[in-house]
Amino acid sequence: MYKVLTIAGSDSGGGAGIQADLKTFQELDVFGMSAITAVTAQNTLGVQGVYPMSVEAVTQQIQSIGTDMGADAIKTGMLFSAEIIRAVAAGIEQFGWKHVVVDPVMIAKGGASLLQQEAVEALKEELLPLATVVTPNIPEAEVLTKMKIETMADRQRAAKRLHSMGVTYVVIKGGHDVLDEATDLLYDGTSFFYYTSPKIATKNTHGTGCTFAAAIAAQLAKGQSVQEAVQVAKAFIQAAITDELQIGAGHGPTNHWAYQKSLKQVLR
Ligand SMILES: Nc1ncnc2c1ncn2[C@@H]1O[C@H](COP(=O)(O)OP(=O)(O)OP(=O)(O)O)[C@@H](O)[C@H]1O
Ligand SMILES: Cc1ncc(CO)c(N)n1
């Protein structure tokens, strides 16, 4: 049984954060574990409250997993503060964890901050050098690289800059493109790979980034290459957005069952 640990925030609404990660792990047949960095009161309308955990609580959760169960891959999401980032980086180093997917969560879709501004440097200096894959959306890539990203050439330059910060693979996600296609760009230090799908016109995209990064971590745990893992993650999120659930009055969650359902339909 392959095991994956998510280190992220809890989303009471169940569509993003820890909840999205564990649902994705379950659907991709890996054993999910969690270390919670913050509890958010959140629904499809926005974030009503953010309650960070103490550094001790985060460290202890990581110790509990590392000293007994182990992990074949790690996914990080909302980390909130520089001190939590340092505790997470220390845990990853202590246990020598490989296959580390860092989703550099900064701002929720409604605009609420999930990472303190002064924590950006800690993320770059302490965590990115330990990352196998980093998965920023375009606004996050802009903050990390301090450059404006408008064209695909800008995105390639940003990917190179992120790679030079010590990350092995960079994926810049294209969900924020104002285009009829969503293209995710992967850079491995030498070549660029493009993962393109039709853009779905829907407001139900809460947690797409978490789900996508969790799927990459699950596939890496099973031994897939990063290229293969991103391909599965892209198919997983495309199915989850397409096969819409209608939950809540605002930006609803995606459908974590949809990918498995689509595979079963193909087999039938
Ligand atoms: N409307 C859409 N149609 C198709 N694919 C989408 C759409 N929106 C996002 N995606 C895909 O979902 C994944 C996540 O991308 P996105 O840029 O939305 O991440 P994000 O902004 O970090 O998400 P969030 O902050 O809500 O968790 C990518 O693979 C992207 O291509
Ligand atoms: C807890 C949490 N993590 C990440 C995101 C980004 O989607 C969110 N909205 N909430």
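None of the values given here were measured: they were computed from a predicted structure. Whatever order the structure lists ligands and atoms in, that order sets their numbers, starting from 1.
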Would you confirm whether [X], through its side chain, and [Y], through its main-chain N or O, come within 3.5 Å as a donor-acceptor pair?
X: K234; Y: T196; answer: no
X: K199; Y: G175; answer: yes
X: N255; Y: D243; answer: yes
X: Q48; Y: G46; answer: yes
X: Q260; Y: E27; answer: yes
X: Y2; Y: L220; answer: no
X: D154; Y: I149; answer: no

Under 4.0 Å from a heavy atom of [X]: which atoms of ligand 1 are those, numbered in the order shown and with their elements?
X: K234; result: 29 (O), 31 (O)
X: D184; result: 28 (C), 29 (O), 30 (C), 31 (O)
X: Q238; result: 4 (C), 5 (N)
X: K173; result: 14 (C), 15 (O), 17 (O), 19 (O), 20 (P), 22 (O)
X: N137; result: 17 (O), 20 (P), 21 (O), 22 (O)
X: I237; result: 12 (O), 29 (O)
X: P198; result: 4 (C)
X: T205; result: 26 (O)

Would a hydrophobic clustering, with Ile, Leu, Val, Met, Phe, Trp and Tyr connected at side-chain separations under 4.5 Å, put V58 with M33?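 Linked within one cluster.
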When clusters are formed by joining ILVMFWY residues with side-chain heavy atoms under 4.5 Å apart, either directly or through shared neighbours, do L123 and V133 land in the same one?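 L123 does not cluster with V133.
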Ignoring angles and geometry beyond distance, decide whether Q42 reaches within less than 3.5 Å of ligand 2 through its nitrogen or oxygen atoms.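 The answer is yes, given that Q42 and ligand 2 share an N or O pair closer than 3.5 Å.
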When rounded to the nearest 0.5 angstrom, what distance separates CD1 in I85 from CD in E83?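 The CD1 atom of I85 sits 10.0 Å away from the CD atom of E83.
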Could you give the distance from CD1 (I18) to CD1 (I7), rounded to the nearest 0.5 Å?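 If I round to the nearest 0.5 Å, the distance is 9.0 Å.
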Against ligand 1, does C210 come closer than 4.0 Å with any heavy atom?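 Right, C210 reaches ligand 1.
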Within-shell test, A20 vs ligand 1, heavy atom, strictly < 4.0 Å: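 A20 does not count as a contact of ligand 1 under the 4.0 Å cut-off.
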Got the closest protein heavy atom to [atom], with its distance?
atom: atom 7 (C) of ligand 1; result: I241 CD1, 3.6 Å
atom: atom 4 (C) of ligand 2; result: C210 SG, 3.6 Å
atom: atom 21 (O) of ligand 1; result: H176 NE2, 2.6 Å
atom: atom 5 (C) of ligand 2; result: L114 CD1, 3.6 Å
atom: atom 9 (C) of ligand 1; result: G175 CA, 3.5 Å
atom: atom 1 (N) of ligand 1; result: I200 O, 2.9 Å
atom: atom 27 (O) of ligand 1; result: G209 N, 2.9 Å
atom: atom 24 (P) of ligand 1; result: K109 NZ, 3.4 Å

Option set T196, V171, N204, T208, criterion heavy-atom distance to atom 18 (O) of ligand 1, minimum: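 Minimum heavy-atom distance to atom 18 (O) of ligand 1 goes to T208.
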Which of the listed options, G9, A8, G77, holds the heavy atom that is closest to atom 1 (C) of ligand 2?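 Nearest heavy atom to atom 1 (C) of ligand 2 lies in G9.
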Numbering the atoms of ligand 2 from 1, which are under 4.0 Å from a heavy atom of H206?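 In order of number, 9 (N).
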Would you mind listing which atoms of ligand 2 come within a distance below 4.0 Å of any non-hydrogen atom of V105?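 Matching atoms, with element in brackets: 4 (C).
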What orientation do F236 and H256 show, parallel under 30°, tilted 30 to 60°, or perpendicular over 60°?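 Ring orientation of F236 relative to H256: tilted.
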Note: K146-E121 ion pair, threshold 4.0 Å (strictly below):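 Here K146 pairs with E121 in a salt bridge, since their nearest N and O are under 4.0 Å apart.
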Between Q63 and Q94, do the side chains contain an N or O donor and an N or O acceptor separated by less than 3.5 Å?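 A pair is found: one side chain offers a donor N or O, the other an acceptor, under 3.5 Å apart.
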